[in-house]
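A short write-up of the structure that comes next.
Proteins get letters first, then strands, A, B, ... in listed order; numbering begins at 1 in each.
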Amino acid sequence: MEERLDLFDELRNTRLEKLKKMESMGVNPYGCRFDRTHKAADILSLDLSEGEEKPRVSAAGRIMSLRRMGGAGFAHLQDDSGRIQIYSRKDQVDEKTFDIFKLLDLGDIIGVEGTVFTTRTGEITISIESLTVLAKSLRPLPIVKEKIQDDEKIIYDQFADKESRYRKRYVDLLVNPDVMEVFRKRSKIVSSMRRYLEGKGYLEVETPILQPLYGGAFARPFTTHHHRLDMTLYLRIADELYLKRLIVGGFEGVYEISKDFRNEGMDRDHNPEFTMMELYVAFEDYHFMMNLVEDMLASICRDVHGDLRIPYGNSHIDFTPPWKRLSYFEAIKKHTGMDLSGDDLNTLKKAAAEKGIQKEKMFTEGAILDAIFSQCVEPHLLQPTFIMDYPVEISPLARKHRNLSGVVERFEGYIMGREICNAFSELNDPLDQRERFENQAKLRDRGDEEAMVIDEDYLGAMEYGMPPMGGLGIGIDRLVMLLTDSASIRDVILFPQMRPEIDSSASEKH
RNA sequence: GAGGGUGUAGCUCAGCCGGUAGAGCAACGGCCUUUUAAGCCGUGGGUCCAGGGUUCGAUUCCCUGCACCCUCACCA
């Protein structure tokens, strides 16, 4: 944090001098509380019709523009509702107030009190009578300049460098209003989802993030160490196995919205920590979950956008239920012309080769099918679509299909070629589960680091009797990407994971 | 992990067939009492990502490293 100060010492020093001047005038440049009567947006919507007495207001915010001219000056104050212009005139305030006004910089946080009027150019403005400095800014903000012309917003010198924006999100939020909008929507999406689930009577719970054994998904975990217990702990990769234990315990509908951690690659769809919602409902199955997903996402979309058809990229997404439904093998057949259900390893290998698919880990039927599916089917699943009935090998926690062999009762929802949720009729047969875990153990022995580990406690819980249930997981970050038209997961995570900055000049100095 | 791209003033960028760099905005000084990407005049500001090499001389060419971006692979 200190390391780059010398690079802009000069800019900082001039601000420090202004700060000292303020102090010598008896002004504390770092105020305590400030009473506001209005936010910026409230003032802009005041009734300023003729004949009315000019309303008195107080407001506070950060100075985002500053135009001083001799004996008067204008500035814009930004708070979380928007911007309001303020005006100070030498002969309308006392000398000290005007002197303080002259010491202000872009980025300073101040509170003002005064009357509201409209300027000749028609902008609603506070004519200030008093001014309180709440925080002097010492570093220059990369403030964006914008001009409205023919209803088009022209932006000059936008703070656009993605790296700086992600590393200093607080600056990004201040100067790029669209960014704040994305995170407001994110918050709305999550609260809308909670409201929906709460409305159904499900219980929100919290299960361990630090786990002695991880499970519930295929992934490499993060590992940590507890000193007092002197044991290895893992950061969870999924909530699943703990939530299902709670259904064994007698809760009939539980969900959790929280972070999972996976020690894997990073790209525009993956951040090492990400937010999941998982829901388990006793006595239900995957058909129930499919209906719930359609209904819940429509409800969220309506809450956030007021519409079920929303723009995405050059296209749009239509969340109107019901979604298209198609089985896994039907989907492959539709997009490759090949019926691969029941094919053995060699046949599948040939089929993959025919489609030019070459992946690293194609040891099993499941892995090959998965490769074909990702490459040939997923990119076509643009509008909301459910893919149902997955091969059993790639779904070790899902119940075998009640009528079809070789597949499980599982579906994934796809939107814009991206998986948005994953759900099953959960496996509640402890003997079948043990067998599936053992198959995973074999894969692990063959070098698959992401295969599941056997969880004896979980198997034990199942042996007490686990009701049948429907289970669902929704990746919140990806849902937010869709609902905010964002191209990268980093655009919907406030502080995405970044490599630390290395500053060689700093390490020499300190 | 592979390939490509980018890294120059606080911000956005230009430039350099190799001779230690420029614009706009921001900053500082002056003029300006309803302005609005304010204006006009003037001034200052850069280990040109880091380290090494070639060279009389490197920000520019070469190598290595670092960070970020894009594509692919891996991964939900």
Quote, to the nearest angstrom, the P distance that separates C13(B) from U6(B). 14 Å
Result block: side-chain N/O donor-acceptor pairs under 3.5 angstrom for residues 213-223 of chain A, not counting sequence neighbours:
unit_1: Tyr214(A); atom_1: OH; unit_2: Arg444(A); atom_2: NH2; d: 3.1

Is Phe117(A) touching bases, backbone alone, or none of the nucleic acid, heavy atoms closer than 4.0 Å? base
Identify whether any heavy atom of Tyr414(A) sits under 4.0 Å from a base atom; if not, whether one sits that close to sugar-phosphate; answer base, sugar-phosphate or nothing. base
For U59(B), what is the paired nucleotide under Watson-Crick or G-U wobble rules, both distances under 3.5 Å? none
Quick one: label Gln158(A) by what it contacts on the DNA or RNA (base, sugar-phosphate, nothing), any heavy atom closer than 4.0 Å. sugar-phosphate
If you check every side-chain atom of Phe74(A), which of A67(B), C75(B), U35(B) has the closest atom? U35(B)
Taking the C1' atom of each, how far is A23(B) from U8(B), in whole Å? 13 Å
Let's go through Tyr87(A) and Phe74(A) carefully: what are the C-alpha distance in whole Å and the side-chain angles of both, what is the deciding distance for ring-ring contact (aromatic ring centres under 6.0 Å, His included) to 0.1 Å, and is it a yes or a no? CA-CA 5 Å; Tyr87(A) 172 62; Phe74(A) 289 88; 4.7 Å; yes
Which nucleotide in C72(B), U35(B), C75(B) has an atom nearest any side-chain atom of Thr125(A): U35(B)
Check every atom of U35(B), U12(B), C69(B) against the side chain of Phe159(A) and return the nucleotide holding the closest atom. U12(B)
Considering only heavy atoms and no angle criterion, is a donor-acceptor pair shorter than 3.5 Å present between the side chain of Gln85(A) and the base of U35(B)? yes
Strictly by Watson-Crick or wobble contacts shorter than 3.5 Å, is anything paired with C17(B), and which nucleotide is it? none
Are Arg83(A) and Ser65(A) linked by a side-chain donor-acceptor pair shorter than 3.5 Å? no
C1'-based separation of C62(B) from G18(B) [nearest Å]: 13 Å
Return the nucleotide paired to A37(B): Watson-Crick means purine N1 to pyrimidine N3 with N6-O4 or O6-N4, wobble means G-U with N1-O2 and O6-N3, both under 3.5 Å. none
Without decimals, in angstroms, what is the distance between Gln497(A) CD and C75(B) C1'? 17 Å
Touch check for Ala160(A), heavy atoms < 4.0 angstrom, all strands: base, sugar-phosphate only, or nothing? sugar-phosphate
Heavy-atom side-chain proximity of Asp42(A) to Leu46(A) below 4.5 angstrom: no
Send over the distance from Met69(A) CE to U35(B) C1', rounded to a whole Å. 5 Å
C75(B) P sits how many Å from Phe222(A) CZ, rounded? 17 Å
Taking salt bridge (Lys or Arg N to Asp or Glu O under 4.0 Å) as the cut-off, I'd like each qualifying pair that reaches into residues 469-482 of chain A, sequence neighbours left out, listed once. Arg186(A)-Asp477(A)
For Ser88(A), what residues pass the side-chain hydrogen bond (donor to acceptor under 3.5 Å, both in side chains) criterion, not counting sequence neighbours? none
If I pick the C1' atom on C56(B) and the same atom on G51(B), what distance separates them, to the nearest angstrom? 23 Å
Look through every strand shown and name the nucleotide pairing with U54(B) as Watson-Crick or G-U wobble, where both distances are under 3.5 Å. none
For A21(B) versus A9(B), give the span between their C1' atoms, rounded off to a whole number of Å. 11 Å
Is there a side-chain contact (heavy atoms from CB on, under 4.5 Å) between Phe437(A) and Leu397(A) once you walk through the steps? CA-CA 9 Å; Phe437(A) 272 149; Leu397(A) 300 168; 4.3 Å; yes
What I want to check is whether an N or O donor and acceptor connect the side chain of Arg120(A) with the base of U34(B) at under 3.5 Å. no
Taking only N and O in the side chain of Arg67(A), is any of them less than 4.0 Å away from OP1 or OP2 of A38(B)? yes
Residue set satisfying side-chain contact (heavy atoms from CB on, under 4.5 Å) with Arg268(A), at least two apart, ordered chain then number -> Ser488(A)
Within the structure shown, what part of the strands sits under 4.0 Å from Arg490(A) by heavy-atom distance: base, sugar-phosphate, or nothing? sugar-phosphate
How many Å lie between CZ on Arg268(A) and P on C68(B), as a whole number? 17 Å
Selection from A73(B), C75(B), U33(B) that lies nearest to any side-chain heavy atom of Glu264(A): C75(B)
If A2(B) has a Watson-Crick or G-U wobble mate with both distances under 3.5 Å, name it; if not, just say none. U71(B)
Quick one: on RNA chain B, does Ala72(A) or Ala217(A) contact a more 5' nucleotide (nearest heavy atom)? Ala72(A)
Gap in Å between the two P atoms, one belonging to U20(B) and one to U60(B), rounded: 14 Å
Integer angstrom distance from the C1' of G65(B) to that of G57(B): 25 Å
Which listed nucleotide (C75(B), U34(B), C74(B)) is nearest to the side chain of Asp267(A)? C74(B)
Using the ring of Phe495(A) (Phe, Tyr or Trp, six-membered ring only), decide whether Arg169(A) places NZ or CZ under 6.0 Å from its centre and within 45 degrees of its axis. no
Between C61(B) and G46(B), how far apart are the P atoms? Round to whole Å, please. 24 Å
Now, which nucleotide makes the Watson-Crick or G-U wobble pair with C28(B), with each of the two distances under 3.5 Å? G42(B)
Quick check: on RNA chain B, is the nucleotide nearest Ser488(A) upstream (toward 5') of the one nearest Glu378(A), or the reverse? Name the residue that is more 5'. Ser488(A)
By salt bridge (charged side-chain N to carboxylate O under 4.0 Å, His left out), which residues pair with Glu393(A), not counting sequence neighbours? none
Show me the protein contacts with nucleotides 24-27 of chain B, counting only N or O atoms at under 3.5 Å.
unit_1: G24(B); atom_1: N2; unit_2: Asp157(A); atom_2: OD1; d: 3.3
unit_1: G24(B); atom_1: N2; unit_2: Asp157(A); atom_2: OD2; d: 3.1
unit_1: C25(B); atom_1: O3'; unit_2: Lys145(A); atom_2: NZ; d: 3.2
unit_1: A26(B); atom_1: OP1; unit_2: Lys145(A); atom_2: NZ; d: 3.1

Look at the side chain of Asp161(A) and the base of C68(B), then say whether one donor and one acceptor between them are separated by less than 3.5 Å. no
